[in-house]
Amino acid sequence: MIDIKKYISNEIKNSIPEINQEITFDNPKDQKHGDLTTNIALVYSKLSGKKPRDLALEISEKLNLDKNLISKTEIAGPGFINFFISDDYYRNILNDILANKNNFGKSTLNENNTANLEWVSANPTKPLHAGHGRQICLGKAIANLLEWTGYKVTREYYYNDAGNQMNKLAESVYARYMQIFNPEFPFPEDGYQGEYIKNIAQLINGMRKDALKNTFKNEEGKEFFKTAGEKYNFKIIRNTLNKLGINHDIFFNESDLYKNGDIEKLIEKFKSNGLAYEKEGALWLKMDEADGFDKDKVIVKSTGEPTYRLPDMAYHIDKINRGYDLILDIFGSDHGDTYKEVLYGVKSAGYDISKIKVIIHQMVTFKMGNESVKMSGRSDTSYYLDELIDDIGADATQFFFVMRGANTHLDFDIKLAKEQSDKNPVYYLQYAYARICGIFRNAETNFPDLITDNIDTKVLKTDEEINLLKTLSRFPEEVEDSASTFEPHKIITYLNKVASDFHTFYHNNRVLDVEQPELSKARLQLAQATKTILKNGFDIIGISSPERM
RNA sequence: GCGCCCGUAGCUCAAUCGGAUAGAGCAUCAGCCUUCUAAGCUGAGGGUUAAUGGUUCGAUUCCAUUCGGGCGUACCA
């Protein structure tokens, strides 16, 4: 298939050699403005000193474009040049979609590149919270998007099995265990409050009875409660991720960074570079005001334990050393400042951080219709991601979290997501897919002869048919655009247009019509192509493709 | 206080590198089921893009200030 933008761009440059800058095209919002538009005359008029409209006229008169591709060229507004692409061009795209099927839309943009996406990375101290869902679902879709543009993607989970929070977990489990025998046993002030800790304690009691009473004094005893809590929590976390169809390739243990000496090496590097200094028993990292930091940060506490920053830095250095072409992190806005500290540390240790990109998403507010759902992380009233998935289903969960741009606050209406009605935006897309499947079921039983890919695309000529073809043809550039900005919600916006155009087509154009077999055959294949685009889009955003609803 | 992000229709949100008359869904109102799934289609109303100023052929988009909201601002992660 010819790249039509490149074609016009080359033709313009050949006609007016003085124009040596990049010529860009937009898809006009208004159909009256054609299929492609360029503002080159507006941009170039500054350099040439000519009036934009005069320049646009000059360009369009010198152009000699293939009528089979471009049916019409117009000058409009302050000096836009609008191009009307021929219907035949779009009819040919139909064959392209049918030939490439589930690969249509995949690009070779990053064909030989590798990407590492690290996300979720929740501590094994508690089950995943509903708010985690935004990052989790975003990451799932972004990983898919990257693969669609050719990246070989490694999905990675940074597993925080070291540090202070694991000790708190051990203390919490132990206290709940002891409370089984003595309800008065004190629970740690800043312990983990959730019911799940009691479940862990009960499991331990079921296996070991009271054999572990008062064993918390020695390291071995502490280790037992820590490991028990960690394993239980991580099992729950992985189970939740499985419900969403998420499988990580690598679980990177924080503790390995201690075992293999990376943390120690990094400390030495900071010290020998004069970037770290000791004060009040702690080790501090010098932070540069020029990079927007107002004070230095502690990297090793006076207790001898590193703060979270240091292993995070060592971890990112490890990822850089693995040689990825793209290293992606996804964090909530509550980490908006801390990742900058980590990257600053990595940079000042002498590493190139240009391959690292960080996606920050804003927080989520959950609502049940008009009532807001309270979610305190400390109390038992927590709303877990597991519960959300059980309440509304995996598809609605994935869809609602990915539906909006990451960089804006998300209002998540659980009542709406749960509703099985036309108010729920998930079903609008899936219904279009199911409807096409229904047409094919009908065709298979009643009109099997009409199902053939030997069709004459010329018979497709109603406004609805051509319009649908135009929308379908945009899929590859939508994928590239969405992937380049790591914004999967753009795919949903696009799929809404696909579904809408299909429903309009369906309403006005009878697909299966024995009186007009050639037309029926072509329309069936148009429906098939629509089904392919919907399926490919669903695969990217990570929802299922139901054959019936 | 300082830093980052956000503010678009009654509500939830789109809007291509700065492009033409700012678009969808829900809600409201009016139509469309003897024909492939009405979880659908067609139409109507609804806007000083928080405010003010600036940059230019052109600003929701860039800059400045103000107002409003979120998140940070730990020897927690």
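Note on naming: letters A, B, ... go to the chains in the order of the sequence lines (proteins, then strands), and numbering restarts at 1 for each one. A quick note: this is a predicted structure, and the numbers were derived from the prediction, not measured.
For Phe80(A) and G19(B), the ring-to-base geometry does not satisfy the stacking test (centroid distance below 5.5 Å, interplanar angle below 30°). Here His409(A) does not pack flat against the base of G69(B), since the 5.5 angstrom centre distance and 30 degree tilt limits are not both met.
Asp26(A) contributes no side-chain N or O that forms a donor-acceptor pair with the base of A20(B) under 3.5 Å. Donor-acceptor pairing under 3.5 Å, judged by distance alone, is present between the side chain of Ser302(A) and the base of C75(B). Evaluation of atom-type donor-acceptor distances gives a pair under 3.5 Å for the side chain of Thr37(A) against the base of A20(B). One donor-acceptor pair, N or O on each side, does fall under 3.5 Å between the base of G19(B) and the side chain of Asn39(A). A donor and an acceptor atom sit less than 3.5 Å apart, one in the side chain of Tyr308(A) and one in the base of A77(B).
Taking every side-chain heavy atom of His503(A) into account, G40(B) is the closest of G40(B), G19(B), U12(B). Counting only heavy atoms from C-beta on, Arg510(A) has its side chain closest to U35(B) among U35(B), A39(B), C71(B). Set against A77(B), C71(B), A39(B), the side chain of Tyr427(A) has A39(B) as its closest nucleotide. Distances were taken from every side-chain heavy atom of Arg404(A) (C-beta onward) to each of C71(B), U12(B), A77(B); the shortest belongs to U12(B). In the set G72(B), U12(B), A20(B), the nucleotide with an atom closest to the side chain of His33(A) is A20(B). Each of C13(B), G40(B), C6(B) was ranked by its minimum atom distance to the side chain of Arg435(A); first place goes to G40(B). In this structure, the nucleotide among C5(B), C36(B), C76(B) sitting nearest to the side chain of Val511(A) is C36(B).
Contact check, Lys423(A) against G25(B): no side-chain N or O comes under 4.0 Å of OP1 or OP2. Of the side-chain N and O atoms in Asn496(A), none sit less than 4.0 angstrom from OP1 or OP2 of G25(B). Dashed line: the shortest gap from a side-chain N or O of Arg53(A) to OP1 or OP2 of C57(B) is not under 4.0 Å. OP1 or OP2 of C41(B) has at least one side-chain nitrogen or oxygen of Tyr428(A) nearer than 4.0 Å. Distances shown here put every side-chain N or O of Lys29(A) at or beyond 4.0 Å from the OP1 or OP2 atom of A14(B). OP1 or OP2 of A15(B) lies within a sub-4.0 Å distance of a side-chain N or O belonging to His489(A).
Looking at heavy-atom distances under 4.0 Å, Pro78(A) makes contact with a base. Looking at heavy-atom distances under 4.0 Å, Ile299(A) makes no contact with the nucleic acid at all. Looking at heavy-atom distances under 4.0 Å, Ala76(A) makes contact with a base. Using a 4.0 Å heavy-atom cutoff across all strands shown, Ala434(A) reaches at least one base atom of the nucleic acid. Backbone-only engagement by Lys340(A) is indicated by non-hydrogen atom pairs under 4.0 Å involving sugar-phosphate atoms exclusively. Counting non-hydrogen atoms under 4.0 angstrom, Gln430(A) reaches nothing in the nucleic acid. Lys497(A) comes within contact range of no nucleotide atom at all, as no heavy-atom separation falls under 4.0 Å. Using a 4.0 Å heavy-atom cutoff across all strands shown, Ser45(A) reaches no nucleic acid atom at all. Residue-level contact check: Arg309(A) touches neither bases nor backbone, having no heavy atom under 4.0 Å from any strand. The residue Asp291(A) sits apart from the nucleic acid: no heavy atom pair falls under 4.0 Å. Note on Gly281(A): nothing from the nucleic acid sits closer than 4.0 angstrom, heavy atoms only. Nucleic acid contact class of Phe293(A) (heavy atoms, under 4.0 Å, all strands): none. Among the protein residues, Asn509(A) comes within range of the nucleic acid bases, having at least one heavy atom under 4.0 Å from a base atom.
A distance of 12.0 Å separates OG1 in Thr125(A) from CG in Asp161(A), rounded to the nearest 0.5 Å.
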Open item on the list: Could you go through His335(A) and Asp329(A), starting from their C-alpha distance and side-chain angles, then the distance that decides it, and tell me whether this counts as side chain to side chain donor-acceptor pair (under 3.5 Å)?
Closed with: CA-CA 11 Å; His335(A) 286 60; Asp329(A) 290 346; over 6 Å; no
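Each of Asn160(A) and Thr408(A) lies near RNA chain B, and the nucleotide nearest Thr408(A) is the one positioned closer to the 5' end. Each of Leu36(A) and Ala499(A) has a nearest nucleotide on RNA chain B; the 5'-most of these lies closest to Leu36(A).
With both ends at atom P, the span from G18(B) to C62(B) equals 7 Å, rounded to whole Å. A gap of 40 Å separates the C1' atoms of G3(B) and U21(B), to the nearest Å. Comparing G10(B) with C36(B), their C1' atoms sit 38 Å apart, to the nearest whole Å. Distance noted for atom C1' between G54(B) and G47(B): 24 Å (whole Å).
When each of Ile136(A), Leu138(A), Val364(A) is paired with Phe401(A), the side chain to side chain contact (heavy atoms under 4.5 Å, CB included) condition holds for Val364(A) and for no other.
Judged purely by atom type and a 3.5 angstrom limit, Asn424(A) uses its side chain to pair as donor or acceptor with the backbone of Ala417(A).
A39(B) is unpaired under the Watson-Crick or G-U wobble criterion, no partner having all donor-acceptor distances under 3.5 Å. A77(B) is unpaired under the criterion used here, namely a Watson-Crick or G-U wobble arrangement in which both key atom distances are under 3.5 Å. Nucleotide U55(B): unpaired (no Watson-Crick or G-U wobble partner with both distances less than 3.5 Å). Searching all strands for a Watson-Crick or G-U wobble partner of G72(B) with both distances below 3.5 Å returns C2(B). A24(B) is paired with U12(B) under the Watson-Crick or G-U wobble criterion, all donor-acceptor distances under 3.5 Å.
In summary, the side chains of Glu477(A) and Tyr494(A) do not present any donor paired with an acceptor at a separation below 3.5 Å, with no hydrogens or angles considered. No hydrogens or angles considered: nothing links the side chains of Asn467(A) and Glu464(A) as a donor-acceptor pair under 3.5 Å. For the 3.5 Å distance criterion, the side chains of Glu487(A) and Asn407(A) fail to qualify, holding no donor opposite an acceptor.
Other residues, nucleotides and ligands place more than 12 heavy atoms under 6.0 Å from the NZ atom of Lys297(A).
For residues 506-535 of chain A, no pair satisfies ring pair (Phe, Tyr, Trp, His ring centres under 6.0 Å), with sequence neighbours left out.
The glycosidic torsion of C6(B) lies more than 90° away from 0, placing the base in the anti range.
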